[in-house]
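Have a look at the structure below, then the notes.
In this text the structure is predicted, and so the values were computed from the model without any measurement.
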Amino acid sequence: MPSVLDPARRPDPGLVVAHHLLGRILALNGGSPREAGRPGEPGETVYFAPDSLSGSRWRGPLSMALVDSLRGLGRFHEGLRWTGWRGEVSAPKSRQGLSFFPPPWSAEARRRALSETSRRAGAMAELLGLSRNSHLLLDGVDPGRLGVARRLFSPIADSE
């Protein structure tokens with residue numbers, strides 16, 4: 001909460017609860033998801049995948065979405081692995097993520113394997129800002145403010 005209440009301030013479309021090294025965003029919907037162009041109902045979990053500019057409803061509790069994301073299971077990591085991925089996802093330092101070029105959601109990236117894209121570590125705050133701007137400009141969906149970027153552990157280090 002701000003220290004001084006601004007009567008003109010409106011709440012964000014949701015609360016981002018996690019973001020991933022590869023650019024995935026997991027959020028809880030706010031009070032008016034339809035007004036924000038987001039799928040689902042208020043309080044439901046939505047995820048924004050790095051290879052798509054549209055949000056998707058997570059059909060289940062937030063706790064399972066977090067467990068699946070952290071363990072590297074299911075739809076969160078489909079198509080997001082390449083030869084040597086383990087070394088690359090371990091390399092970024094705290095508050096960094098992987099930047100892809102072309103971006104995984106672009107037509108250029110879809111025409112080639114992820115292993116053929118250019119990848120390098122970059123500041124997570126900048127990567128999340130780019131992700132939010134891409135969502136806003138190209139899809140009209142606002143994943144919400146993305147907060148402070150922290151990397152506390154390697155979310156897919158133990159997965160295949």
For [X], side-chain hydrogen bond (donor to acceptor under 3.5 Å, both in side chains) partners two or more places apart:
X: Ser52; answer: Ser54
X: Glu35; answer: none
X: Arg34; answer: Glu41

At their closest point, which heavy atom of [X] faces which heavy atom of [Y], and how far apart are they?
X: Gln96; Y: Ala121; answer: OE1-CB, 3.8 Å
X: Met124; Y: Gly97; answer: CE-CA, 3.7 Å
X: Ala109; Y: Pro102; answer: N-CG, 3.7 Å
X: Pro42; Y: Pro33; answer: N-CG, 3.7 Å

Residues in salt bridge (Lys or Arg N to Asp or Glu O under 4.0 Å) contact with Glu126, at least two apart in sequence or another chain
none
Sorted by chain and number, sequence neighbours left out, salt bridge (Lys or Arg N to Asp or Glu O under 4.0 Å) with Glu108 holds for none
With [X] via side-chain contact (heavy atoms from CB on, under 4.5 Å) - residues at least two apart:
X: Ala107; answer: Arg111
X: Ser99; answer: Leu127
X: Leu62; answer: Val17, Leu26, Leu28, Thr45, Leu66

Can you tell me if Trp85 uses its side chain to pair, donor with acceptor, with the backbone of Glu88 under 3.5 Å?
no
Main-chain N/O of Leu114 paired to Arg119 side chain as donor or acceptor, under 3.5 Å:
yes
I'd like to know if Phe101 and Trp82 are part of one continuous hydrophobic network [Ile/Leu/Val/Met/Phe/Trp/Tyr, side-chain heavy atoms within less than 4.5 Å].
no
With a 4.5 Å cut-off on side-chain heavy-atom distances among I, L, V, M, F, W and Y, is there a chain of contacts connecting Leu130 to Phe48?
no
Within 6.0 angstrom of Arg120 CZ, more than 12 heavy atoms from elsewhere
no
With side chains defined as the heavy atoms from C-beta onward, is the minimum distance between Pro50 and Phe100 less than 4.5 Å?
no
